[in-house]
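Residue numbers start from 1 in every chain, and the chains themselves are labelled A, B, ... in the order their sequence lines are given, proteins ahead of strands. Please read these numbers as outputs of a predicted model, since none were measured by experiment.
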Protein chains: 2
Amino acid sequence: MSVSQNIKDPIREEILRGATELFERYGFKKTTMEDIARQIGKSKSALYYYYKTKEEIFEAVVLQEIDKQRMEASAAMKKVETAPEKFRILFTSLLAGVKEKANKFSLFRAEVYENPFLLNNTMKLRDSYVEEQLRDILILGISRQEVKMMNSSEIGLWAKMVNLTMRSLGSKLFLEDDWNISKEQLAFLADTLFQGVAR
Amino acid sequence: MSVSQNIKDPIREEILRGATELFERYGFKKTTMEDIARQIGKSKSALYYYYKTKEEIFEAVVLQEIDKQRMEASAAMKKVETAPEKFRILFTSLLAGVKEKANKFSLFRAEVYENPFLLNNTMKLRDSYVEEQLRDILILGISRQEVKMMNSSEIGLWAKMVNLTMRSLGSKLFLEDDWNISKEQLAFLADTLFQGVAR
DNA sequence: TTTAGACTATTTGTATGAATTAGTCGAAAA
DNA sequence: TTTTCGACTAATTCATACAAATAGTCTAAA
């Protein structure tokens, strides 16, 4: 299920399309509400009819991107059977995806650097989603006897800590351009991490 | 061997003592060179005789703190025999230490938030040290048959990735006060991580 | 070799007014 | 009723100029 609120509305979609394009090109601050309105040929109040604040539009844009990532990861995970494989894919595709977004929205990375709160809400949502996925993978692994027996609090702790790890790695990958980690290296880390709970 | 340059000089030590106290209380920016000079009852040029810039003093202060941490970690590691235990201690004590420093130098955390480059150089030094320690632990583990056979490039990769993980976790722990991870949780993560290379 | 104290050049802070811009509102169009 | 417009406001940001603070230098002396 998608996290973002009903974007079904074609006008909401239009707003997000326009906003995404402008944010990509000019960043968050330099894109004014009037810019966005002009971009889609409407007036400012139309925007405010659909979104309460500029931040809300921004968050919707980010959520859309996160959703995309998530769908990609899910699709790739469906193609494999085992828990360790699923984990590796989740780990590498989410982290590699972060790097990608960092390049795509390069301007805007500097802004996040200065105002980390911009991503606070969306990242929290993302976190709880990832943690859930991690738990699911672990449970699947246990049922497939690929993972050692763990009680639910151990499962929860593992998911929490791995999520924390992913999140902190992700934020470094996003913010520091000199962190060049290949997908292979990420996969190695993922495998090592998962080996720790393997049977 | 200590990373910091010869602090043997009693006056250098005095400067660092004074600077540390002031940085702790007022942060980096609000502490002027004259403040430091006054604190130790000397004039500004005395400071510049021993250190080229204010940043250099700052880095020396940070290096001192890092050295302390390192010594503590080393001492604690000596008390145990096995590689997994050593790893757990290194992992938890360095990361818990980061949290401690964050509280001690609380003002200054905000400054690092805005000028991450302040810590760039020192963190690089720290990185290479930690990576080395990680390799050593792994090699010890292999010789003790606690760790599976790995060739040197695998060892290097493992050390690199674990170091990356520690670094990114550390920076989050340092910067975000709402990240409260207990030492037990850190230990759990350390153990999981190490299990991944265990025999 | 080390220190003091005056000196400079640069950075930082502040005050103020102008310009932008996020967000509101009432009326009109669809 | 739902959606849009354009004028409006209040708050924030920006530009400028001026004042203060401060990092770093230099010369002479201890």
Side-chain angles (χ1 to χ4, degrees), chain A residues 5-23 25-62 107-108 110-115 117-121, chain B residues 5-23 25-62 107-108 110-118 120-121:
Chain A
Q5 64 278 68
N6 34 321
I7 330 179
K8 300 296 164 195
D9 196 324
I11 296 182
R12 287 177 93 95
E13 274 182 356
E14 212 179 332
I15 294 175
L16 290 193
R17 251 206 319 280
T20 305
E21 197 179 322
L22 293 175
F23 286 154
R25 254 219 297 260
Y26 307 108
F28 177 71
K29 274 182 75 177
K30 281 215 167 180
T31 301
T32 71
M33 290 298 268
E34 267 168 0
D35 290 338
I36 300 174
R38 204 178 312 119
Q39 177 82 1
I40 62 173
K42 306 231 159 186
S43 110
K44 229 178 13 157
S45 8
L47 266 51
Y48 281 102
Y49 182 76
Y50 290 97
Y51 293 97
K52 263 222 292 284
T53 65
K54 190 182 173 187
E55 269 80 16
E56 205 173 297
I57 294 183
F58 172 75
E59 288 183 357
V61 167
V62 175
L107 273 169
F108 148 107
E111 293 174 326
V112 171
Y113 212 89
E114 296 174 346
N115 306 43
F117 72 87
L118 267 176
L119 289 179
N120 273 358
N121 295 332
Chain B
Q5 65 279 68
N6 35 320
I7 329 179
K8 301 296 166 195
D9 196 325
I11 296 183
R12 288 177 91 94
E13 275 181 356
E14 211 179 333
I15 293 175
L16 290 192
R17 250 206 320 281
T20 306
E21 198 180 319
L22 293 175
F23 285 154
R25 254 219 296 262
Y26 307 108
F28 176 71
K29 274 181 75 177
K30 282 216 165 178
T31 301
T32 72
M33 290 300 267
E34 269 168 359
D35 290 338
I36 300 175
R38 205 178 311 118
Q39 176 82 2
I40 61 173
K42 307 230 159 184
S43 109
K44 232 178 11 160
S45 9
L47 265 51
Y48 281 102
Y49 182 75
Y50 289 97
Y51 293 97
K52 261 220 296 281
T53 65
K54 190 181 173 188
E55 268 81 16
E56 205 173 296
I57 295 183
F58 172 76
E59 287 183 356
V61 167
V62 175
L107 273 169
F108 148 109
E111 292 173 328
V112 171
Y113 210 89
E114 296 174 346
N115 306 45
F117 71 87
L118 267 176
N120 272 0
N121 294 334

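- Within 4.0 Å (heavy atoms only), B/Ser43 reaches at least one base atom of the nucleic acid.
- Side-chain atoms of A/Ile11 lie closest to D/dT4 of the nucleotides D/dT4, D/dG24, C/dT3.
- The two residues B/Asp35 and B/Lys30 have their closest heavy-atom pair at OD2-O, 3.5 Å.
- With rounding to whole Å, A/Ile15 atom CD1 is found 11 Å from D/dT3 atom C1'.
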Let me see the working for A/Met33 and A/Ile57 under side chain to side chain contact (heavy atoms under 4.5 Å, CB included), right down to the final yes or no. CA-CA 10 Å; A/Met33 290 298 268; A/Ile57 294 183; 3.8 Å; yes
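- Rounded to whole angstrom, the span from the CG atom of B/Asp35 across to the C1' atom of D/dG24 amounts to 16 Å.
- B/Phe108 has its ring centre no less than 6.0 Å from the ring centre of B/Phe28.
- In this structure, A/Arg12 atom CZ and D/dT2 atom P are separated by 15 Å, rounded to whole Å.
- Of the listed nucleotides (C/dT3, D/dC5, C/dG23), C/dG23 has the atom at the smallest distance from the side chain of A/Glu55.
- Separating the CD1 atom in A/Ile40 from the CD atom in A/Glu13 is a distance of 12.0 Å, to the nearest 0.5 Å.
- Protein atom NZ of B/Lys42 is 13 Å distant from nucleotide atom C1' of D/dA30, rounded to whole Å.
- If you take NZ of B/Lys52 and C1' of D/dC26, they are 17 Å apart, rounded to a whole angstrom.
- OP1 or OP2 of D/dT4 lies within a sub-4.0 Å distance of a side-chain N or O belonging to A/Tyr50.
- Rounded to an integer number of Å, the gap from B/Glu34 CD to C/dT12 P is 17 Å.
- Proximity of A/Tyr49 to the phosphate of D/dT4: no side-chain N or O atom is located under 4.0 Å from OP1 or OP2.
- Going from atom CE of A/Met33 over to atom P of D/dA11 covers 18 Å, rounded to whole Å.
- Side-chain proximity of B/Tyr48 to C/dG23, D/dC5, D/dT25: nearest is D/dT25.
- Positionally, the nearest nucleotide of DNA chain C for B/Lys44 lies more toward the 5' end than for the other of B/Lys44 and A/Lys29.
- Contact annotation: B/Tyr51 side-chain N/O to D/dG24 OP1/OP2 distance is not under 4.0 Å.
- For D/dG6, its base sits under 3.5 Å from the side chain of A/Ser45 at one donor and acceptor pair at least.
- With rounding to whole Å, A/Glu56 atom CD is found 13 Å from C/dG23 atom C1'.
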Check step by step if side chain to side chain contact (heavy atoms under 4.5 Å, CB included) holds for A/Arg17 and A/Glu21. CA-CA 6 Å; A/Arg17 251 206 319 280; A/Glu21 197 179 322; over 6 Å; no
